[in-house]
Amino acid sequence: MSVTSVTEKWVDEAAALTRPSRVVWCDGSKIEYDALVEEMLRDGTLLPLNPTTYPNCYLHRSHPQDVARTEQLTFICTCERDDAGLTNNWMAPAEAKARAGGFLRGAMQDRPMYVIPYLMGPAGSSMSRVGLMVTDSAYVVASMHIMTRVGPVALQHMRSEDDLVFGLHSLGDLSPDRRLILHFPEEKLIWSVGSGYGGNALLGKKCHSLRIGSWQARREGWLAEHMLIIGVEDPEGRVAYLAAAMPSASGKTNLAMVESRLPGWRVWTVGDDIAWMHVDASGQLRATNPERGFFGVAPNTSPKTNANAITMVRSNTIFTNVALTPSREPWWEGLTAEPPAGLMDWQGRPWQPGSGPAAHPNSRFTVLAQQCPSMAPNWEDPQGVPISGLIFGSRRSQVIPLVFEAFDWTHGVFLGSAMSTETTAAITGKVGVVRRDPMAMLPFCGYNMADYFAHWLAVGRRLARPPRIFRVNWFRRDGDGRFLWPGYSENVRILKWMVERIRGAARAEETPVGWIPAPGALDTSGLDVTPERLRQALHCDAQEWLAALDDLGEFYRQFGPRLPAPIAQALAETQRRFRA
Ligand code: OXD
Ligand code: MN
């Protein structure tokens with residue numbers, strides 16, 4: 001069977017189930033994008049923004065009950081429950097298809113079905129992967145144009161007739177009662193029904209690049225991670241590449257585009273959300289960004305927190321669920337110190353100060369990466385960039401120091417596996433609740449988390465020069481609830497220390513959890529943070545840690561004998577060091 005007949009057969013079956021009014025094959029061209037925008041402006045799916053100050057920018061208002069990822073409705077559907085593991089929702093494949101099939105049957109009646117061949121990763125890269133998704137949402141098609149490489153380029157990268165991931169998406173009736181986001185890794189298949197929200201509906205992103213991607217990565221010996229990728233350039237022009245895992249809406253996009261406060265230092269953006277990393281023939285870890293654009297959180301993005309993002313969203317951008325000013329410009333909390341008068345909120349209602357946020361806390365911008373002023377010139381290098389440091393960061397107001405470095409790869413994997421974080425508006429549910437989120441992959445690991453830790457350890461054994469592993473927490477607060485570290489542009493000081501550690505130049509002190517910057521080792525020139533506050537930010541409290549490690553032991557217990565021994569040993573060793 002040829003490539004075309006495999007894909008055509010699948011598309012025919014999808015159409016037989018969903019019964020669209022017609023089937024439209026997408027080619028990824030600008031003409032196609034412009035026509036989709038025209039159609040959405042006509043039917044009100046998009047609203048035009050100010051064509052002078054925001055040319056080719058549009059506002060989309062989603063259904064008010066469809067504004068974030070819905071993890072409770074997201075399932076890994078493997079034959080064996082253990083292959084999904086207890087950190088994932090699981091459903092047997094037959095039951096999943098029967099339930100979602102009911103929602104999908106006839107779901108596209110009166111709507112066209114768009115067929116989108118897409119490539120994740122740079123053209124010409126052996127790391128890139130192909131997907132084919134169908135959808136009845138023009139907003140999803142336009143967003144896929146921005147976030148992936150759509151069109152013939154995708155099918156050209158198939159290495160065999162079934163070398164692709166299939167994705168069936170329908171808006172359904174947008175009711176959370178009839179919403180399911182289903183992954184069938186054994187069939188390289190995704191079914192998503194009942195949501196038009198990015199993380200649920202742009203199937204190339206979380207569903208393909210992370211959940212199915214991580215499953216494939218384990219089988220094929222690479223890593224699919226929820227990580228940004230940056231190049232940190234020093235005053236001599238040397239660039240060190242780092243990748244950083246952080247939970248959703250915890251500053252990955254800001255760090256990926258950070259403008260340096262330190263003379264001579266500069267940060268280059270390679271990606272802001274996903275890293276696909278493989279070990280090359282010389283034992284070097286290399287990373288590509290599978291995406292082509294950014295689907296970033298708008299609130300709190302400002303000239304101070306992320307000037308590059310502010311520049312890049314001034315044209316050719318789709319905004320979702322932001323507020324609207326009287327001059328038809330987008331607005332969100334944090335963009336300006338004071339909200340402009342006469343705002344419409346994210347649902348199009350007149351907004352008054354004190355009546356809750358004007359923009360939805362998970363409102364977004366969708367924009368091509370090439371519009372970002374800090375994009376690295378080599379961000380689409382088919383070989384990927386060589387990674388010399390990995391960062392695990394989470395949002396914790398207490399306990400976790402600002403920065404520390406793991407003793408070695410195994411200890412770093414332990415630190416990543418031990419991550420917990422305070423939840424954000426990127427998922428539906430309560431905000432600010434501490435939950436375990438190993439390597440920021442809790443919602444995205446497509447298989448048993450214990451096997452995922454084992455896979456990380458196995459990849460480490462193949463590395464000739466394992467990247468240094470760091471743990472960061474920009475969000476630690478003092479007793480009065482004030483942040484101890486200013487974050488944002490100042491984080492480049494932490495990156496500088498990491499790069500100097502990688503090169504063997506920066507001083508550090510040993511603690512039971514790893515290496516912490518020695519007094520004076522962090523470059524604080526021109527920074528308004530007292531040595532005492534910095535000491536507090538870096539402090540590692542034995543009582544707090546011992547309690548946290550007990551809690552971690554509880555979390556690990558669910559994995560039983562599947563938990564890799566080196567991880568259990570690292571926990572026991574950390575407890576021993578604290579008690580010694
Ligand atoms: C995202 C997320 O949208 O992690 O990147 O939710
Ligand atoms: Mn993300």
Side-chain angles (χ1 to χ4, degrees), residues 60 62 66-74 88 120 139-140 143-144 146-148 181 183 192 195-214 223-230 243-257 269-277 287 289-301 306 309 313 317-322 332 359-367 369 372 391-395 416 419 421-431 433 435 437-446:
H60 172 68
S62 75
D66 186 29
V67 291
R69 282 187 295 102
T70 40
E71 290 181 5
Q72 72 282 13
L73 302 174
T74 301
N88 277 312
M120 300 310 299
Y139 166 81
V140 166
S143 303
M144 286 293 286
I146 297 174
M147 297 303 296
T148 73
I181 323 298
H183 305 76
S192 168
S195 169
Y197 169 74
N200 294 332
L202 310 182
L203 300 189
K205 193 173 180 62
K206 303 300 185 183
C207 302
H208 178 163
S209 293
L210 287 176
R211 299 198 190 97
I212 303 282
S214 61
L223 294 167
E225 299 301 321
H226 192 205
M227 287 183 167
L228 64 84
I229 312 166
I230 48 178
M246 291 171 187
S248 310
S250 297
K252 279 208 304 299
T253 305
N254 293 338
L255 185 63
M257 298 171 193
T269 312
V270 178
D272 83 326
D273 195 42
I274 300 176
W276 280 358
M277 299 189 285
N289 168 11
E291 301 191 277
R292 184 178 179 232
F294 302 117
F295 177 63
V297 177
N300 212 21
T301 306
N306 192 340
V313 301
T317 301
I318 300 178
F319 294 91
T320 302
N321 291 340
V322 297
W332 49 83
H360 188 276
N362 190 38
S363 52
R364 300 276 177 150
F365 51 77
T366 310
V367 60
C372 176
I391 304 171
F392 294 117
S394 71
R395 187 183 272 273
M419 240 164 69
T421 197
E422 289 152 27
T423 51
T424 64
I427 44 164
T428 50
K430 239 174 159 238
V431 168
V433 178
R435 71 169 186 181
D437 190 355
M439 294 162 169
M441 282 290 277
L442 177 76
F444 306 123
C445 181

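Hydrogens, waters and symmetry mates are skipped; everything else that's a heavy atom, side chains included, is used. Order of listing sets the numbers, starting from 1, for every ligand and every atom in it. These numbers were taken from a predicted model, which means no experiment stands behind them.
- The number of protein N, O or S atoms lying under 2.8 Å from the Mn ion (ligand 2) is 3.
- Within the model, atoms OG1 of Thr366 and CG of Leu202 stand 7.0 Å from one another, a figure rounded to the nearest 0.5 Å.
- For the atom pair NZ (Lys206) and CD1 (Ile274), the distance works out to 5.0 Å, reported to the nearest 0.5 Å.
- Looking from atom 5 (O) of ligand 1 to the surrounding protein, the closest heavy atom is Lys206 NZ, 3.0 Å.
- In terms of protein heavy-atom proximity, atom 6 (O) of ligand 1 is nearest to Arg69 NE, 2.9 Å.
- Heavy-atom contacts of His226 reach the following atoms of ligand 1: 4 (O) (cutoff under 4.0 Å).
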Side chain to side chain contact (heavy atoms under 4.5 Å, CB included) between Ile181 and Cys207: does it pass, once the steps are laid out?
CA-CA 8 Å; Ile181 323 298; Cys207 302; 3.9 Å; yes
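- Every side-chain hydrogen bond (donor to acceptor under 3.5 Å, both in side chains) that Thr70 has, sequence neighbours left out, goes to Asn200.
- One finds the CG atom of Leu442 at 5.0 Å from the CZ atom of Arg435 (value rounded to the nearest 0.5 Å).
- Ring planes of His226 and Phe444: perpendicular class, angle over 60° (limits at 30 and 60°).
- Counting only heavy atoms of the protein, atom 4 (O) of ligand 1 lies nearest to Ser248 OG, 2.4 Å.
- Thr320 OG1 to Asp66 CG: the interatomic distance, rounded to the nearest 0.5 Å, is 10.5 Å.
- Numbered from 1 in the order shown, with element, the atoms of ligand 1 that lie under 4.0 Å from a heavy atom of Asp273 read 5 (O).
- The atoms of ligand 1 that sit less than 4.0 Å from any heavy atom of Phe444 are 4 (O).
- For Arg364, the closest heavy-atom approach to ligand 1 falls below 4.0 Å.
- Residues Tyr139 and Ser62 bring no donor and acceptor atom of their side chains to less than 3.5 Å of each other.
- For Arg211 and Thr74, the side-chain atoms include no donor-acceptor pair closer than 3.5 Å.
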